[in-house]
Asks: 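Shown below is the structure under consideration.
Reminder, nothing fancy here: chain letters follow the sequence lines and each chain counts from 1. The model shown is predicted, which means the values in this text are computed figures rather than measured ones.
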There are 2 protein chains.
Amino acid sequence: MTETRNGDEAEPRPAEARAKSFQAVREAHRNELAEDYVELIAELISQFGEARPVDIAARMGVTAPTVAKTLDRLAREGLVARAPYRSVFLTPEGAALAEACLRRHEIVVRFLVRLGLDPETAEKDAEGIEHHVSERTLELLRDFADQT
Amino acid sequence: MTETRNGDEAEPRPAEARAKSFQAVREAHRNELAEDYVELIAELISQFGEARPVDIAARMGVTAPTVAKTLDRLAREGLVARAPYRSVFLTPEGAALAEACLRRHEIVVRFLVRLGLDPETAEKDAEGIEHHVSERTLELLRDFADQT
DNA sequence: ATTACAAGTTAGCCATGTCTAACTTAATGC
DNA sequence: GCATTAAGTTAGACATGGCTAACTTGTAAT
């Protein structure tokens, strides 16, 4: 039996298309942490001149060893540069990614606020949403936010 | 040195608030898979009368053993009921969760389409976004989508 | 009734992301 | 300059969510 189906009904949505969507979400999840880190690191650097693991930990809401492990991965991936017992810095690629993320983040926040959400909740929701917004959707959100 | 800071500048956003946002996102991620499964199972049941692991696998874009493992977890959590070599069904809690998710999913899709996105991309983006939308935001999206 | 094939399961591997506990290094204050 | 303490690292545990390979079960067709 392959998918008992009464033939004349319209296919709600092909199985493979859905599979692709879910695969894309999983893919997004894999990048998500990296994006949050470089975004935060960029911010810390512009605020304090450096990004220390302890500050990252406080803002990400995780412990220091978790930060260390993640930074190792990001270094492996060429997004950050680090030396033992020193602050973290972004590579050019890391900086580029951070900038793109920051831009996207701000668009999402601006959109949500424009929609009528309070800034605090907007920040919170944006944190989750931003990684799942396609380029096309981002444009639309921007247009909406920029509407007079 | 605790957070070198020049004192008179306004705090961009308190560290603990951000930590909370990220923790919320991680929390959402933990529920995400469960929600996607019950949502899909509900749909398969209404379409075909039953939800078979093989159909779930095809639509989630994963292999059968992965589905089996996940279904075991969902059963442990009381969301689905299953017997060896049989189709899967939802418990009352599972059905309730599925309904809530479906409702949310549709609002997000409707909103995106209303915004000007093509239905296919809307479905795709919704899959990622829906799990990160607060109740308040959902209301706003609904209002926007329902606007004449 | 047997056989063959599709579906489901089990076992075991791997990477990720979290944690705690224990240790090392660096910097600060006296 | 030495001791104290904060920051960073290392080791090791655990859960999750993927996978492949190999086995079992159920069913459909001859």
Asks: Calculate the interatomic distance between A:L33 atom CG and C:dG17 atom P; express it in whole Å.
Replies: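 Going from CG in A:L33 over to P in C:dG17 covers 5 Å.
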Asks: Could you work out which one of C:dT9, D:dG17, D:dT9 sits closest to the side chain of B:R82?
Replies: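 The answer is C:dT9, which lies nearest to the side chain.
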Asks: Among the nucleotides D:dT10, C:dG8, D:dC19, which one has an atom lying closest to any side-chain atom of A:A68?
Replies: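 Per side-chain heavy atoms of A:A68, the pick is D:dT10.
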Asks: I need the CG-P distance between A:L74 and C:dG17, as an integer number of Å.
Replies: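 Atom CG in A:L74 sits about 9 Å away from atom P in C:dG17.
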Asks: Can you figure out which of D:dT16, C:dA21, C:dT18 approaches the side chain of A:P65 most closely?
Replies: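 For the A:P65 side chain, the nearest candidate turns out to be C:dA21.
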Asks: Write down the distance between NE2 (B:H29) and C1' (D:dG18), rounded to a whole number of angstrom.
Replies: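 Computing the B:H29:NE2 to D:dG18:C1' distance gives 16 Å.
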Asks: What is the distance, to the nearest angstrom, from the CZ atom on A:R52 to the P atom on C:dA26?
Replies: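 That distance rounds to 15 Å.
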Asks: Is there a side-chain contact between B:R86 and the phosphate of D:dT27, meaning an N or O under 4.0 Å from OP1 or OP2?
Replies: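 Checking D:dT27 against B:R86, a side-chain N or O does come within under 4.0 Å of OP1 or OP2.
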Asks: Determine the contact category for A:P84: base if any of its heavy atoms lies under 4.0 Å from a base atom, sugar-phosphate if only primed atoms, P, OP1 or OP2 are that close, otherwise nothing.
Replies: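 Since only primed, P, OP1 and OP2 atoms lie under 4.0 Å of A:P84, the category is sugar-phosphate.
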Asks: Where the side chain of A:V62 is concerned, which of C:dT16, C:dT18, D:dT10 is the nearest nucleotide?
Replies: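 Between C:dT16, C:dT18, D:dT10, the one nearest the side chain of A:V62 would be C:dT18.
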Asks: Can you say whether a donor on the side chain of A:K69 sits under 3.5 Å from an acceptor on the base of C:dT18, or the other way round?
Replies: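 Flag set: donor-acceptor pair detected.
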Asks: With respect to the phosphate group of C:dG17, does any side-chain polar atom (N or O) of A:T66 fall under 4.0 Å of OP1 or OP2?
Replies: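 So the side chain of A:T66 is outside the cut-off, no N or O lying under 4.0 Å from OP1 or OP2 of C:dG17.
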Asks: Between B:T70 and D:dG17, is there a contact of a side-chain N or O with OP1 or OP2 at under 4.0 Å?
Replies: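 No, because none of the side-chain N or O atoms of B:T70 sits under 4.0 Å from OP1 or OP2 of D:dG17.
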Asks: Do A:F111 and B:F111 make the cut of ring centroids closer than 6.0 angstrom?
Replies: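 So the answer is yes for these two rings.
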Asks: Does a side-chain heavy-atom distance below 4.5 Å link B:E130 with B:E39?
Replies: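 They are in contact (side-chain heavy atoms under 4.5 Å apart), so the answer is yes.
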Asks: Do we see a donor-acceptor contact under 3.5 Å between the side chains of B:E50 and B:S87?
Replies: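 B:E50 vs B:S87: donor-acceptor pair found between side chains.
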Asks: Taking atom P of D:dG17 as reference, at what distance in whole Å does atom CD of B:E32 sit?
Replies: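 Going from CD in B:E32 over to P in D:dG17 covers 10 Å.
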Asks: Among C:dT16, D:dT24, C:dC19, find the nucleotide with the atom closest to the side chain of B:Y85.
Replies: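 Nearest listed nucleotide: D:dT24.
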Asks: Could you go step by step and tell me if A:H131 and A:D36 meet the side chain to side chain contact (heavy atoms under 4.5 Å, CB included) rule?
Replies: CA-CA 9 Å; A:H131 305 282; A:D36 286 337; 2.8 Å; yes
Asks: Could you work out which one of D:dG17, C:dG17, D:dA11 sits closest to the side chain of B:R73?
Replies: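 Closest nucleotide among those given: D:dG17.
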Asks: State the NZ-CD distance between A:K20 and A:E27, to the nearest 0.5 angstrom.
Replies: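 Here the rounded value is 13.5 Å.
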Asks: Using whole Å, what does the distance between atom C1' of nucleotide D:dA15 and atom CZ of B:R76 come to?
Replies: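 Rounded to whole Å, this separation is 9 Å.
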Asks: Nearest whole angstrom, please: distance from the P of D:dG17 to the CD of B:E77.
Replies: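 From B:E77 CD to D:dG17 P: 9 Å.
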Asks: Given atom CG of B:L71 and atom C1' of C:dT10, what is their separation to the nearest angstrom?
Replies: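 Distance, rounded to whole Å: 15 Å.
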